[in-house]
Amino acid sequence: MASYGLSAAILGACVLAIHLIGAEETLYVAAVYEHRVILNPRPGVPLRRRAALEHMEKNLHAFAEQAALAALQGAHILVFPEDAIHGFNYTRASVASYLETVPDPEEVTWSPCADPGRFSNTEVLRRLSCMARKNRLFLVANMPDRQPCSRASDPLCPPDGQYQFNTDVVFSDNGTLVARYHKQNLYFEAAFDTPPRNKYVTFTTPFAGRFGVFTCFDILFREPAVTLVRDMGVRQLVYPTAWMNQLPLLAAVQFQRSFSYSAGVTLLAANVRAAALGMTGSGIFTPWEAVYHHDSTEGEQGRLLVSRVPVLDPLAVVGHATFSEEPTPPFTSTMMYDNFTLVLLQGREGNLTACDGSFCCHLLFRRSDPPEEELYALGAFDGLHVVHGTYYLEVCALVKCPGQHKGSCGGETERAQTLIDFQLDGIFSTEHVYAGVLGSGMTLDRPDQSGWQSGGRFYMKRRGMTTGLVTAVLYGRVYEKDSCLLSADSP
Ligand SMILES: *[C@@H]1O[C@H](CO)[C@@H](O)[C@H](O)[C@H]1NC(C)=O
Ligand SMILES: *[C@@H]1O[C@H](CO)[C@@H](O)[C@H](O)[C@H]1NC(C)=O
Ligand SMILES: *[C@@H]1O[C@H](CO)[C@@H](O)[C@H](O)[C@H]1NC(C)=O
Ligand SMILES: *[C@@H]1O[C@H](CO)[C@@H](O)[C@H](O)[C@H]1NC(C)=O
């Protein structure tokens, strides 16, 4: 039986799920396979190459089956776990027969499947390349790599004249080796060397643009993860791992989820299944949603997860992750004679708050790029409306500003081209909140969902609108306050 308790709690904490604009071309299908690795029972004892290959073929056989299943479900990319072909607990000497020399794809264009004779001793590379090619998908796997070096030219070269790296390899859907990443942050791995320099490895796909690569323990360190995301603007990552769960803070899916959410990135995380070692927990995480698997029981063989996920555009490289942009200062503007406090929406997506006194409205949004940049603002108003009637309001409103200047926000317009997916919410003192969504050309739309959450918070969500957004509003009416104000004002 699966144990979802922890994971459900993590997901439950993320109520602010918003979604992407539903245009077909912005989605792709990602797959990760949590593989129950078949281990070498005596990893300390050196094997001949032939025996090592026989051992690895048992795992590769399972990979091939899963690659075919993923392809049947339309996967564009499939990620396999760290250590899932060869296993772990080798010594520097005993891993020798498992090593292949992975050429640098920045220097050599090579499809091992199409051209197997070009480099010798590359059976595993060939097997993986053929899986990618046969199934027409990008394939990510982890294997041990041997790179000869010379102490004459490289003082860091190990005494035996070779580096041994824990390595991720990526093949394109025609079998070409397109990326090679050497794990930077080893976790007590006697068989491997730490790469002498940080490298930031990415590869580009036709279906979703650029992906970055890192491995397991790397997720807890600045290099290469933070540089990839924050300085290079990478927002999609493939992540082979062999992670031992550790509660309360570092279960695999728990931290995968946190990383994806907080960095605003998609993380395709494939973990090994090894119940005896506490290894399980894989998933397909976007900043908004997660499809994941955590099963610490002995019985199960493995699990293929497949999910349609949105393409994330690269961040503008400004040194900030997604939700950490400096908010614009609030300003006031009148909307329907009321003095709203507003903040402008900036960028393609974000998370902002507008408060009128202690009444605050929150917005999570993601928007399309219309032909012309349109200005939007989030506004809050808490007070007595006194023109053309007297009534007490608590209003959260996302509005398209009619002009290009913030002074226009709150003014009338019927037209908009920008598609916005959003969640809008506020904490209301009244239980009477009317949610509305208005599209361009007076198209009436409605929320996908709305309702109360704890603490008096009322929310609505909408995604996939096909007309530009003119207004989204939570219109709270505080009936009880108008009557007392009216009677106080009455002569
Ligand atoms: C690997 O070594 C650790 C201790 O160093 C041990 O706890 C674990 O059982 C070993 N795993 C395997 C698969 O041999
Ligand atoms: C194979 O894939 C790579 C990477 O996507 C691409 O650059 C190359 O043109 C492809 N080769 C062929 C023959 O399609
Ligand atoms: C609107 O509110 C701001 C800040 O509370 C205030 O400075 C301004 O005078 C108000 N304007 C009107 C028209 O009430
Ligand atoms: C949005 O910002 C608020 C306040 O800064 C924060 O509590 C919340 O977690 C943020 N949500 C997201 C999805 O970034």
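Heads up: numbering here begins at 1 and tracks the sequence. Counting starts at 1 for both ligands and their atoms, following the listed order. Since this is a predicted model, take the numbers as computed values, not measurements.
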Between ligand 2 and the protein, which N/O pairs fall short of 3.5 Å?
residue  : atom   : partner : partner atom : Å
ligand 2 : 2 (O)  : Ser172  : OG           : 3.0
ligand 2 : 2 (O)  : Asn174  : OD1          : 3.2
ligand 2 : 2 (O)  : Asn174  : ND2          : 2.4
ligand 2 : 11 (N) : Asn174  : ND2          : 2.7
ligand 2 : 14 (O) : Asn174  : ND2          : 3.1

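What you find for Tyr459 and Gln449 is that their closest heavy atoms are OH-NE2, 3.5 Å.
Screening residues 132-147 for side-chain hydrogen bond (donor to acceptor under 3.5 Å, both in side chains) gives Asn142-Asn166, Asn142-Asp168, Asp145-Gln147, Asp145-His182, Arg146-Gln162 as the qualifying pairs, with residues at least two apart or on separate chains.
Salt-bridge check for Lys461 with Asp421: failed, with every basic side-chain N at 4.0 Å or more from each acidic carboxylate O.
Classified by interplanar angle (parallel below 30°, tilted 30° to 60°, perpendicular above 60°), the ring pair Phe203/Phe211 is parallel.
Applying the salt bridge (Lys or Arg N to Asp or Glu O under 4.0 Å) test to Lys183 and every residue at least two apart in sequence or in another chain returns Glu82, Glu189. Arg49 meets the salt bridge (Lys or Arg N to Asp or Glu O under 4.0 Å) test with Glu100, Glu123; sequence neighbours excluded.
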